[in-house]
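Single-structure report; data block below.
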Amino acid sequence: MKMIHYRNILEVSPDLQECVRCWRNSKHIRHNMNSSEIISEEEHLRWISFLRKNPERQIVRLAFKEEDPFGVITLKDIDRRASRSDWGMYIGKADSLGQGYSKIMLYDLLTWAFEEEQLSRLYTSVLADNTKAMILYLNFNFHIEGRFEKHIRRESGDFVDVYWFALFSKKWFESKEYLMRKFLPLTNE
């Protein structure tokens with residue numbers, strides 16, 4: 001059985017926190033981010049400090065296969081009054097890519113956001129050339145709310161569009177069981 005569990009980044013060792021920075025700076029992650037800048041150790045420590053001081057604004061969880069960390073899920077820009085949050089996720093460990101973990105992580109993130117945090121709306125942005133993410137989100141019943149044309153400039157100088165995706169809790173609760181049966185069969189292996 002492929003089991004994933006999560007730990008708050010504030011509850012793990014500084015070495016694991018640094019591992020997250022290394023993942024975020026890796027080419028396969030940076031390429032799909034709105035900002036592809038290398039994050040310095042100092043910037044990373046400021047971010048960790050921000051998380052400690054603002055737990056109501058952003059929560060970051062590390063994903064583990066048994067005791068092996070491999071990815072990140074996050075709720076960010078949490079707005080309790082409006083009952084919404086931006087979110088993100090990525091698989092940092094290259095040998096965990098293509099194993100179906102992103103489906104499990106997304107399902108777990110949606111369960112966390114809509115059931116534990118009791119949010120009503122989740123939204124995120126996706127670069128237009130990140131088709132795997134776009135397909136995954138559409139399969140999980142997100143809808144496209146808009147597009148910012150030529151919004152991000154790549155290191156190469158090329159521009160890429162950004163799409164905005166959203167999902168509401170009502171749609172999640174209507175489709176949760178179906179999504180589990182359709183996309184998470186590997187959790188029963």
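FYI, the numbering just counts along the sequence from 1.
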- Does NZ or CZ of R147 come closer than 6.0 Å to the centre of the six-membered ring of W164, within 45° of the ring's axis? no
- Task: Establish, for the pair K65 and F70, whether the NZ or CZ atom is under 6.0 angstrom from the six-membered ring centre and no further than 45 degrees off its axis.
- Result: yes
- Examine the side chains of S85 and D77 and answer whether a donor and an acceptor come within less than 3.5 Å of each other. no
Measuring from atom [atom1] of [X] to atom [atom2] of [Y], what distance do you get when rounded to the nearest 0.5 angstrom?
X   : Y    : atom1 : atom2 : value
L62 : C19  : CG    : SG    : 7.5 Å
I73 : L110 : CD1   : CG    : 9.5 Å
L45 : Q17  : CG    : CD    : 8.0 Å
M89 : T124 : CE    : OG1   : 10.0 Å

Starting from [Y], can I reach [X] by hopping between I/L/V/M/F/W/Y residues whose side chains sit under 4.5 Å apart?
X    : Y    : answer
M105 : V12  : no
L106 : L179 : yes
L51  : M33  : yes
Y163 : Y123 : no
V72  : I104 : no

If I compare all heavy atoms of [X] with all of [Y], which pair ends up nearest, and what's the gap?
X    : Y    : answer
V126 : A133 : CG1-CB, 4.1 Å
A63  : I4   : CB-CG2, 4.0 Å
D108 : Y6   : OD2-OH, 2.7 Å
Q99  : S96  : CG-O, 3.4 Å
L119 : F114 : O-CD2, 3.1 Å
Q118 : S83  : O-OG, 3.5 Å

- Task: Give the intermediate values and the outcome of side-chain contact (heavy atoms from CB on, under 4.5 Å) for residues Y137 and I135.
- Result: CA-CA 6 Å; Y137 304 161; I135 291 167; over 6 Å; no
Is it true that [X] and [Y] have a side-chain N and a carboxylate O under 4.0 angstrom from each other?
X    : Y    : result
E43  : R21  : no
E37  : R30  : no
D158 : K150 : no

- Mind checking whether H151 and V160 have side chains closer than 4.5 Å, heavy atoms only? no
Using atom types as modelled and distance alone, determine if a side-chain donor or acceptor of [X] lies under 3.5 Å from a backbone N or O of [Y].
X    : Y    : result
N54  : F50  : yes
H44  : C22  : no
T74  : I59  : yes
D86  : K76  : no
R7   : E11  : yes
S175 : Y178 : no
R154 : H31  : yes

- Query: How far apart are the C-alpha atoms of M134 and F142, what are their side-chain angles, what is the distance that settles it, and do they pass the side-chain contact (heavy atoms from CB on, under 4.5 Å) test?
  - Reply: CA-CA 9 Å; M134 292 174 69; F142 280 82; over 6 Å; no
- Name of the residue among K171, K170, K176 meeting side chain to side chain donor-acceptor pair (under 3.5 Å) with E174: K170
- Apply side-chain contact (heavy atoms from CB on, under 4.5 Å) to the pair Y90 and R24, showing each step before the final yes or no. CA-CA 9 Å; Y90 59 83; R24 176 59 179 80; 3.8 Å; yes
- Message: So, applying ring-ring contact (aromatic ring centres under 6.0 Å, His included) with Y107, which one of F183, W112, W172 is it?
- Response: W172
- Output, in order, the C-alpha distance, side-chain angles, deciding distance and verdict of ring pair (Phe, Tyr, Trp, His ring centres under 6.0 Å) for F165 and W87. CA-CA 10 Å; F165 285 75; W87 66 275; 9.1 Å; no
- Check the pair H5, E67 against side-chain contact (heavy atoms from CB on, under 4.5 Å), reporting the backbone distance first and the verdict last. CA-CA 9 Å; H5 64 97; E67 294 307 311; 3.8 Å; yes
